[in-house]
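Position 1 is the first residue of the sequence; numbering continues from there.
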Amino acid sequence: MRGQTPVTLAVVVGAHGVTGEVRLKVFTDDLRRYKLFNGGALTLKSLRDGNNGAIARFAEVADRNAAEAMRGTEITVPRADLPPLGEGEYYHADLLGLPVVSTDGVEIGRVVAIDNFGAGDVIEIERASENGKPGARFMVPMRADAVPDWNDVQLVVTAAFAEG
């Protein structure tokens with residue numbers, strides 16, 4: 001069920017100080033809107049801006065050793081807890097793993113990554129594997145001329161962008 005699928009909003013990159021605070025690399029604009037993370041295992045007590053991210057205190061992390069042990073931990077919430085989307089908007093988590101077909105109806109592959117190099121999102125698609133080897137990957141800009149449609153079931157790519 002997609003609504004309960006965990007979505008990563010941040011990752012712990014290290015400890016901060018000696019009282020159990022952690023440094024976070026944050027992937028959202030509004031981490032403060034959430035109080036419970038990782039299926040209720042973490043309760044946010046405080047959050048402030050830090051160098052290249054944020055500094056957080058979780059009720060369950062009592063000291064520096066516990067904070068250090070969290071390094072690499074993804075901070076997640078259920079997909080259902082994310083704000084509703086407007087027309088034409090999407091969450092990366094909803095697109096990752098989707099099957100991809102062309103506007104001609106040809107099965108192309110699967111969405112494996114979404115990048116943004118500054119000019120908008122770019123969808124990375126992996127073609128089906130052949131002879132036991134991973135399929136070739138290619139990128140398509142997430143624009144209406146390249147990706148005219150997507151939904152919970154599939155992503156549609158204009159045939160001209162899928163060639164090659």
Side-chain angles (χ1 to χ4, degrees), residues 1-86 88-100 108-129 132-143 147 150-155:
M1 173 184 272
R2 190 175 88 168
Q4 294 306 311
T5 302
V7 175
T8 301
L9 300 183
V11 65
V12 177
V13 294
H16 180 81
V18 296
T19 61
E21 289 182 311
V22 295
R23 291 182 295 117
L24 299 176
K25 179 176 182 181
V26 181
F27 309 120
T28 181
D29 293 336
D30 189 13
L31 193 62
R32 287 176 174 83
R33 74 175 300 153
Y34 307 96
K35 296 298 175 212
L36 295 176
F37 297 92
N38 297 33
L42 294 171
T43 308
L44 185 65
K45 288 180 66 176
S46 67
L47 183 71
R48 67 182 190 276
D49 290 338
N51 292 338
N52 300 318
I55 307 296
R57 179 179 304 280
F58 293 105
E60 298 77 10
V61 183
D63 57 34
R64 184 173 181 88
N65 289 339
E68 280 292 342
M70 288 190 64
R71 183 185 304 266
T73 300
E74 294 181 354
I75 305 302
T76 66
V77 297
R79 166 62 180 87
D81 288 358
L82 299 178
L85 294 167
E89 295 180 327
Y90 54 90
Y91 286 115
H92 289 191
D94 293 344
L95 300 182
L96 290 169
L98 277 181
V100 179
I108 298 172
R110 194 164 286 286
V111 176
V112 293
I114 303 166
D115 298 301
N116 189 315
F117 303 106
D121 285 345
V122 178
I123 306 299
E124 187 172 351
I125 300 165
E126 183 175 272
R127 295 187 183 275
S129 60
K133 295 181 181 177
R137 290 185 176 194
F138 67 100
M139 295 180 152
V140 174
M142 189 62 177
R143 301 185 321 240
V147 182
W150 71 89
N151 55 38
D152 292 348
V153 178
Q154 68 184 8
L155 186 126

Between Arg137 and Glu126, is a salt bridge (Lys or Arg N to Asp or Glu O under 4.0 Å) present by the stated rule, with each step listed?
-> CA-CA 4 Å; Arg137 290 185 176 194; Glu126 183 175 272; 2.9 Å; yes

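- Contact check for Trp150 versus Val111: no side-chain heavy atoms found under the 4.5 Å cut-off.
- Minimum heavy-atom separation, Pro83 to Tyr34: CD-OH, 3.5 Å.
- In this structure, CE in Met142 is found 5.0 Å from CD1 in Ile123, a value given to the nearest 0.5 Å.
- How far CD of Glu124 is from CD1 of Ile114: 10.5 Å, rounded to the nearest 0.5 Å.
- The neighbour count for Asn51 CG, taken as heavy atoms of other residues, nucleotides or ligands under 6.0 Å away, does not exceed 12.
- Environment of NZ in Lys35: crowded, with over 12 heavy atoms of neighbouring residues, nucleotides or ligands closer than 6.0 Å.
- The minimum heavy-atom distance between Leu98 and Gln154, with the atom names listed, is CD2-N, 3.9 Å.
- Here CE of Met139 is found 11.0 Å from CG of Asp121. Values are rounded to the nearest 0.5 Å.
- With hydrogens and angles ignored, the 3.5 Å screen pairs no side-chain donor or acceptor of Arg71 with any backbone N or O of Ala15.
- Closest approach of Ala67 to Val12, counting heavy atoms only: O-CG1, 4.5 Å.
- Closest approach of Val140 and Ile125 over heavy atoms only: CG2-CD1, 4.0 Å.
- Side-chain contact between Asn52 and Val13 is absent, with no heavy-atom pair separated by less than 4.5 Å.
- Within the model, atoms CG of Leu155 and OH of Tyr90 stand 9.5 Å from one another, a figure rounded to the nearest 0.5 Å.
- Shortest non-hydrogen contact noted between Ala56 and Leu47 is CB-CD1, 3.8 Å.
- The neighbour count for Asp30 CG, taken as heavy atoms of other residues, nucleotides or ligands under 6.0 Å away, is above 12.
- Between the side chain of Asn38 and the backbone N or O of Thr76, at least one donor-acceptor pair lies under 3.5 Å.
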Before you tell me yes or no, could you show the steps for Thr73 and Phe37 under side chain to side chain contact (heavy atoms under 4.5 Å, CB included), namely the whole-Å CA-CA distance, both residues' side-chain angles and the distance that decides it to 0.1 Å? CA-CA 11 Å; Thr73 300; Phe37 297 92; over 6 Å; no

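- In this structure, Glu21 pairs ionically with Arg57, as a charged nitrogen and a carboxylate oxygen lie closer than 4.0 Å.
- Arg23 places no side-chain N or O within 3.5 Å of a backbone atom of Ile55 that could act as its donor or acceptor partner.
- Ile75 contributes atom CD1, which lies 9.5 Å from atom CG of Leu44 (distance to the nearest 0.5 angstrom).
- Annotation: the span from Thr8 atom OG1 to His92 atom NE2 amounts to 13.0 Å, rounded to 0.5 Å.
- Closest approach of Val7 and Ala93 over heavy atoms only: CG2-CB, 4.0 Å.
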